[in-house]
Amino acid sequence: MTARSSLTGGETLAAQVSLDGLAASIHARTAGAFERLVGYFEKPLFNYVQRLVPSLPDAQEVVQDTFLRAHKALTRQYSSDRCQSLALRPWLFRIARNLSHNKRRGLRHRVECQMPDDHEQRLAPLDGVAVLCTVEQRQELERLERAMAALPLASRELVVLRFIEEMSYAEIAATTGQGEAALRGKVFRALQQLRDALARQEDRHAM
């Protein structure tokens, strides 16, 4: 089964599988449970993290560390009851977010806070959209990536969580530690910033 991306109108590539009881299964060390977790979340987490850290190797390291910490917490640190009630998706994204911010702080002496100028070339294609088959579609995605790269980090993060990962405001709040009411306004402003960036690209193209 596929789902439709609210940002692009394309269909997501990841299968929509139930996550109910998965954390508890990992806690119980059920065969294949942790592999299911990795298989379901690896691409979405990487898609998110690579927009928060300065390089693809850093993003890969953060995602790997996220799964290592998740495995340790679920199998050794958390109780069975806590695993049973855990909101798995925002919990994982919050771990990845914290690790990404730690990575950026550690590298701040040699990187700028903004993404590098060649950001659109080094980013992997957006997960959660249909495979592009035409030149026009590929150009449209590249235009979206350039506009995304132009956003402030906080705005880019909210666009990814809300419109690409299609998280609810409750999930985004659990991921970022911000209140839902404040997030609604921030998401609205982030989307407006993205629209403005796309409009500026169109203006430059028309000149």
Side-chain angles (χ1 to χ4, degrees), residues 1-7 11-53 58-106 124 126-129 153-187 190:
M1 181 182 298
T2 56
R4 188 160 296 279
S5 165
S6 58
L7 179 63
E11 289 184 336
T12 62
L13 299 178
Q16 302 300 298
V17 298
S18 173
L19 301 177
D20 294 342
L22 183 55
S25 295
I26 295 171
H27 179 77
R29 300 180 183 270
T30 302
F34 186 71
E35 287 74 13
R36 281 182 59 206
L37 178 83
V38 174
Y40 186 83
F41 283 109
E42 187 173 23
K43 286 183 178 181
L45 282 173
F46 182 72
N47 184 53
Y48 170 62
V49 168
Q50 69 170 339
R51 287 161 175 83
L52 303 182
V53 297
D58 290 331
Q60 291 165 343
E61 181 179 337
V62 166
V63 172
Q64 183 180 47
D65 287 349
T66 297
F67 285 121
L68 289 174
R69 293 196 180 202
H71 185 272
K72 181 179 180 181
L74 293 174
T75 58
R76 295 165 54 187
Q77 296 175 332
Y78 288 7
S79 67
S80 176
D81 287 344
R82 185 173 182 182
C83 290
Q84 196 70 248
S85 61
L86 188 65
L88 196 53
R89 182 162 73 152
W91 178 73
L92 276 174
F93 273 77
R94 187 169 181 83
I95 294 174
R97 183 178 194 265
N98 290 338
L99 290 173
S100 296
H101 288 184
N102 290 341
K103 175 69 71 176
R104 289 180 65 83
R105 281 195 292 269
L126 282 171
D127 291 315
V129 298
L153 178 63
S155 298
R156 183 164 60 245
E157 177 185 17
L158 291 177
V159 169
V160 172
L161 291 176
R162 180 61 179 152
F163 298 104
I164 297 175
E165 294 307 320
E166 297 184 310
M167 282 190 177
S168 67
Y169 283 102
E171 289 178 309
I172 299 173
T175 298
T176 64
Q178 303 177 60
E180 287 187 50
L183 278 171
R184 291 180 183 275
K186 290 179 180 180
V187 168

query = Which distance, rounded to the nearest 0.5 Å, do you find between the OH of Tyr40 and the CG of Leu22?
reply = 10.5 Å
For Ser80, all residues meeting side-chain contact (heavy atoms from CB on, under 4.5 Å), sequence neighbours excluded = His27
ask   = Closest approach of Thr176 and Arg97, non-hydrogen atoms and distance?
value = O-NH1, 3.5 Å
request  = For the pair Phe93 and Tyr48, name the ring-plane relationship: parallel under 30°, tilted 30 to 60°, perpendicular over 60°.
outcome  = tilted
key: Sequence-distant partners of Ser155, side-chain contact (heavy atoms from CB on, under 4.5 Å), two or more places apart   = Leu151, Pro152, Ala190, Gln193
task = I would like to know whether Asn102 and Arg105 meet side-chain contact (heavy atoms from CB on, under 4.5 Å); could you show each step before the answer?
result = CA-CA 5 Å; Asn102 290 341; Arg105 281 195 292 269; 2.2 Å; yes
remark   = So the salt bridge (Lys or Arg N to Asp or Glu O under 4.0 Å) pairs with at least one residue in residues 73-88 (sequence neighbours excluded) are none
inquiry  = Testing Leu37, Ile26, Asp20 one by one against Leu88 for a side-chain contact (heavy atoms from CB on, under 4.5 Å), which residue passes?
reply    = Leu37
inquiry  = Can you list everything that forms a side-chain contact (heavy atoms from CB on, under 4.5 Å) with Asp65? Sequence neighbours excluded, please.
reply    = Glu61, Leu68, Leu99
task = Rounded to the nearest 0.5 Å, what's the gap from CG on Asn47 to CZ on Phe41? Could you check?
result = 13.5 Å
inquiry  = Treating Arg162 as the side-chain partner and Val187 as the backbone partner, does any N or O pair qualify as donor plus acceptor under 3.5 Å?
reply    = no
Rounded distance [0.5 Å steps], CG in Leu158 versus CG in Leu153 = 9.5 Å
note = Minimal heavy-atom distance between Glu180 and Tyr169, with the atoms involved, is CG-O, 3.7 Å
ask   = Taking all atoms of both residues into account, what is the closest heavy-atom pair of Leu92 and Ala70, and its distance?
value = CD2-CB, 3.6 Å
query = Is there any side-chain hydrogen bond (donor to acceptor under 3.5 Å, both in side chains) pair reaching into residues 83-93, and which pairs are they, with sequence neighbours excluded?
reply = Tyr78-Trp91, Arg89-Glu171
ask   = Would you say Arg94 has more than 12 foreign heavy atoms packed within less than 6.0 Å of its CZ?
value = yes
ask   = Roughly how far, to the nearest 0.5 Å, is CD1 of Ile172 from NZ of Lys186?
value = 11.5 Å
key: Partners passing side-chain contact (heavy atoms from CB on, under 4.5 Å) against Ala174 (at least two apart in sequence or in another chain)   = Pro90
request  = Looking only at non-hydrogen atoms, find the nearest pair between Arg104 and Leu52 and report the distance.
outcome  = CD-O, 2.6 Å
